[in-house]
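Data block below; observations after.
Scope of the values below: all heavy atoms of this structure, side chains included, with no hydrogens, waters or symmetry mates. Starting from 1, each residue takes its place in the sequence as its number. Indexing begins at 1, ligand by ligand and atom by atom, following the structure's order.
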Amino acid sequence: VDSSPISAGRLQHGAVRDGYDAVLFDVDGTLVSGHEPIGGAPETVAALRGDGLRIRFVTNNASRSAGQVADLLRRARFDAVPEEVGTSGRVAASLLAAQLPHGAPVLVVGADALRQEVCDVGLHPVGTAADGPVAVVQGFSAEVGWRELAEACIAIRGGAWWVACNGDVTVPSPRGLLPGNGALVAAVTAATNVGPIIAGKPHPALLQHAAAGVGRDRSLVVGDRLDTDVVAARKGGFDALLVLSGVTSAAQVLAAPPSARPRYLADDVTALKHPIGDLVIVGEQAPWQVTLRGATLHLRSPATAVGQSAAAALRALCAAWWPIGSGEPAVVADDARSRDVLERLGLARVPAAWVRAPVGADAYRTVEVELLVEVRKV
Ligand SMILES: [Mg+2]
């Protein structure tokens, strides 16, 4: 009888190729940040190709065509061709074409790439509500401004069908999180009291289309967002690896609802070069020990944790919390090593007493008064 503490369903041997034959990568925050590759990502994708895995790039960002995404990836040192790229703009255009007659006018709020996708499916892109659009399609573009949003409001109030390429409220950049398509969609929703149909992730169509194009059964989805990449993967029946190199914090991972919990978790995609079973599956992670006391998770590491990534500790915390808890738990460290890793994960809490301590001139005055009292007592 095997009495090892390996949990059910865990991959016990080998790297990604032992469990999967294709990898569907998100782009922003997963492979690149802005125009720059995330450290080690180009080499990792090349290594996976070398192992015989098929690679696809699936992006919710509709500001670039498949060809432009492949160009961006190649400039960031990834080997990529347009046929390997799926965009939410293409899925949105396909969705419109399936519902509208050939040549129907569609108001495009977004980039030239989205306008081209609308043309490519036989619809007629227009620029104002006065052109009588029967639908509005909205995708990310840094050029979209108030005038375009106003045209969308008029068309939607006039009864046009509204499809958004994606709902990501932020896009990661080297300068931090910037407003994404979801933020601009929210402006239109606020003004119309109407919500769009979302074509990209979390709808699984983008991933399913990419997986079908690969022609294999077992695809692994890799992304940096819980509410798009992971939810879409789970809806589509795919396993998901969440990477912490993009927009998602450790606290958000711990608080993820069941529908957004990934099977695997890692700092970045370089984890895919290592055996996936022991290193990145959400589960027990020696030497980290997690115990739940009341509603608080206690993290400790009795053995040396040198060489252990912070993500390993987070996997152990998730494995302890997810089956029984919901929302964000309190996490405390029981030793110095654990305290260090919680700080790196942004999970270290400032004690409540410190938060409430008075600051500024009044604080010093209070301290002085207490000191005077002490002196008089003496
Ligand atoms: Mg992303």
Atom of D224 closest to the Mg ion (ligand 1), considering N, O or S atoms:
OD1

Kindly confirm whether the Mg ion (ligand 1) is within less than 2.8 Å of some N/O/S atom in D229?
no

Would you call the rings of Y20 and Y264 parallel, tilted or perpendicular, where under 30° means parallel and over 60° means perpendicular?
perpendicular

For D28, the N, O or S atom at the shortest distance from the Mg ion (ligand 1) is O

For the Mg ion (ligand 1), what is the closest N, O or S atom on D26?
OD2

Give me the one residue out of D229, N60, N166 that meets side-chain hydrogen bond (donor to acceptor under 3.5 Å, both in side chains) with K201.
D229

Have a look at T170 and tell me which of L177, D28, N181 forms a side chain to side chain contact (heavy atoms under 4.5 Å, CB included) with it.
L177

Can you find a pair of side-chain heavy atoms, one from D239 and one from L241, that are under 4.5 Å apart?
no

